[in-house]
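All values below were derived from every heavy atom in this structure, side-chain atoms included, with hydrogens, water molecules and symmetry-related copies excluded.
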Amino acid sequence: GVTVLQCFPGLAAAQASSGPRLEWKQFKTTNQYPAFVNAIATMRANANQASPGSLSYWSNVHVNTCPHGVPYFISWHRGYLYYFEQQLRSVSGNPYLTLPYWDYYSYATLPTEFTDPAPGNPLYMPRQSSNVYGALSLAPFASTVRNFQRGKSNAFEPSIEDVHNPVHDLIGGVMTTMQSPLDPIFFLHHASVD
């Protein structure tokens with residue numbers, strides 16, 4: 001039979017060059033970590049909202065086009081992360097940089113690198129809470145979930161969005177707004193959903 005990788009040869013090259021997403025605790029021990037931190041610092045410092053090299057640009061894309069409560073919520077964010085990751089690679093100069101994810105089901109407290117208010121820490125943002133345990137539910141993974149798409153009975157997509165939204169709200173600060181991509185934890189949160 002024909003494989004997906006045979007139909008999309010660019011996908012095979014992309015997978016070979018970037019590798020899988022790593023969970024934050026593992027990611028921060030790799031040589032990708034400094035590239036990620038430097039890229040976020042560079043993008044935060046870029047005040048040109050029209051530049052894809054700025055966090056403001058990505059926030060504006062989210063404000064103006066992000067769907068919630070619709071059947072393509074997950075796929076839209078997957079595409080958004082893909083293009084953001086390409087920009088991270090460009091800004092960092094590291095063509096292998098991949099977005100990490102935060103596995104809040106394993107540890108519900110924000111990674112300390114995101115809560116350290118030390119001057120110059122580009123991962124820090126003022127937030128209301130550093131723990132999202134109250135948002136977590138196993139409902140998306142229940143044996144009764146039989147469909148993926150919204151609009152079908154027992155569907156995964158609306159159930160996972162019911163976890164996604166409270167994670168934003170419990171973190172607070174800019175994460176409760178459509179400008180949430182200004183907070184770097186946004187990308188780890190969505191990489192986890194992805």
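- In terms of modelled atom types and a separation under 3.5 Å, the side chain of Tyr105 and the main chain of Leu138 share no donor-acceptor contact.
- The CG atom of Asn154 sits 9.5 Å away from atom OG of Ser159, with the distance rounded to the nearest 0.5 Å.
- Other residues, nucleotides and ligands contribute at most 12 non-hydrogen atoms within 6.0 Å of the OH atom of Tyr72.
- Atom OH of Tyr133 has 12 or fewer neighbouring heavy atoms from other residues, nucleotides or ligands inside a 6.0 Å radius.
- Between Tyr104 and Val193, the shortest heavy-atom contact is OH-CG2, 3.7 Å.
- The cluster map of Ile, Leu, Val, Met, Phe, Trp and Tyr, joined by side-chain heavy atoms under 4.5 Å apart, puts Leu81 and Val63 in different clusters.
- Among all heavy-atom pairs drawn from Thr98 and Arg89, the shortest one is CG2-NH2, 3.7 Å.
- Listed for the Ser59 side chain is no donor-acceptor partner under 3.5 Å among the backbone atoms of Leu55.
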Under the side-chain contact (heavy atoms from CB on, under 4.5 Å) criterion, do Asp194 and Arg21 qualify, and how do the steps go?
-> CA-CA 10 Å; Asp194 190 51; Arg21 292 202 193 287; 3.9 Å; yes
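- Formation of a donor-acceptor pair under 3.5 Å by the Trp102 side chain with backbone atoms of Glu23 is not found in this model.
- Asn64 places a side-chain N or O within 3.5 Å of a backbone atom of Asn60 that can act as its donor or acceptor partner.
- Under a hydrophobic-cluster definition in which Ile, Leu, Val, Met, Phe, Trp and Tyr are linked whenever side-chain heavy atoms come within less than 4.5 Å, directly or via other members, Met125 and Val37 are assigned to the same cluster.
- Panel note: side chain Asn121, backbone Asp116; a donor-acceptor pair is recorded below 3.5 Å.
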For Leu170 and Asn131, run side-chain contact (heavy atoms from CB on, under 4.5 Å): C-alpha distance rounded to whole Å, both residues' side-chain angles, the deciding distance at 0.1 Å, then the answer.
-> CA-CA 7 Å; Leu170 283 175; Asn131 189 295; over 6 Å; no
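- Here Gln87 contributes atom CD and Leu97 contributes atom CG; the two are 11.5 Å apart, rounded to the nearest 0.5 Å.
- A 4.5 Å side-chain heavy-atom check between Asp162 and Pro140 finds every atom pair outside the cut-off.
- No side-chain donor-acceptor contact under 3.5 Å links Asp169 and Thr176.
- When every heavy atom of Trp58 is checked against every heavy atom of Pro52, the shortest pair comes out as NE1-O, 2.7 Å.
- Across all their heavy atoms, Asn46 and Ser51 have their closest contact at ND2-OG, 3.1 Å.
- Atoms OG1 and CE, on Thr65 and Met178 in that order, are 8.0 Å from each other to the nearest 0.5 Å.
- Ring centroids of His68 and His164 are separated by less than 6.0 Å, placing the two rings close together.
- Within the model, atoms OG1 of Thr29 and CG of Leu22 stand 8.0 Å from one another, a figure rounded to the nearest 0.5 Å.
- The main-chain N or O of Gly173 is never found under 3.5 Å from a side-chain atom of Arg127 such that the two would form a donor-acceptor pair.
- Taking the centre of each ring, Phe186 and His62 come in below the 6.0 Å mark.
- Although no hydrogens or angles enter the test, the distance criterion places a donor-acceptor pair under 3.5 Å between the side chain of Thr42 and the main chain of Asn38.
- Inspection of the Ser106 and Asp103 side chains reveals an N or O donor paired with an N or O acceptor under 3.5 Å.
- Note that CG of Asp183 is 10.0 Å distant from OH of Tyr124, once rounded to the nearest 0.5 Å.
- Taking the side chain as every heavy atom from C-beta outward, Tyr80 and Pro181 approach each other to under 4.5 Å.
- Between the side chain of Ser56 and the backbone N or O of Ala47 there is no donor-acceptor pair closer than 3.5 Å.
- Taken together through direct or relayed side-chain contacts under 4.5 Å among Ile, Leu, Val, Met, Phe, Trp and Tyr, Leu136 and Ile171 form part of one hydrophobic cluster.
- Heavy atoms of other residues, nucleotides or ligands lying less than 6.0 angstrom from OH of Tyr83 number 12 at most.
- Proximity of a side-chain donor or acceptor of Arg44 to a complementary backbone N or O of Pro122 within less than 3.5 Å is detected.
- A donor-acceptor pair shorter than 3.5 Å can be found between the side chains of Trp24 and Glu113.
- In terms of hydrophobic clustering, with Ile, Leu, Val, Met, Phe, Trp and Tyr side chains grouped at heavy-atom distances under 4.5 Å, Val91 and Leu182 are assigned to a common cluster.
- The structure places CE of Met175 at 11.5 Å from OG of Ser129, a figure rounded to the nearest 0.5 Å.
- Criterion: ILVMFWY side-chain heavy atoms under 4.5 Å apart, direct or through other members. Under it, Tyr101 and Val132 are not part of a common hydrophobic cluster.
- Closest approach of Ala139 and Val145 over heavy atoms only: O-CG2, 3.4 Å.
- The backbone N or O of Val174 lies less than 3.5 Å from no partner atom in the side chain of Gln179, so there is not a single donor-acceptor pair.
- The two residues Leu88 and Met43 come nearest to each other via the heavy atoms CD2-SD, 3.9 Å.
- The shortest side-chain heavy-atom distance between Pro111 and Lys25 does not fall under the 4.5 Å cut-off.
- Considering only heavy atoms from C-beta on, Leu188 comes within 4.5 Å of Phe114 through its side chain.
- Looking only at side-chain heavy atoms (C-beta outward), Trp76 and Val70 stay at 4.5 Å or farther from each other.
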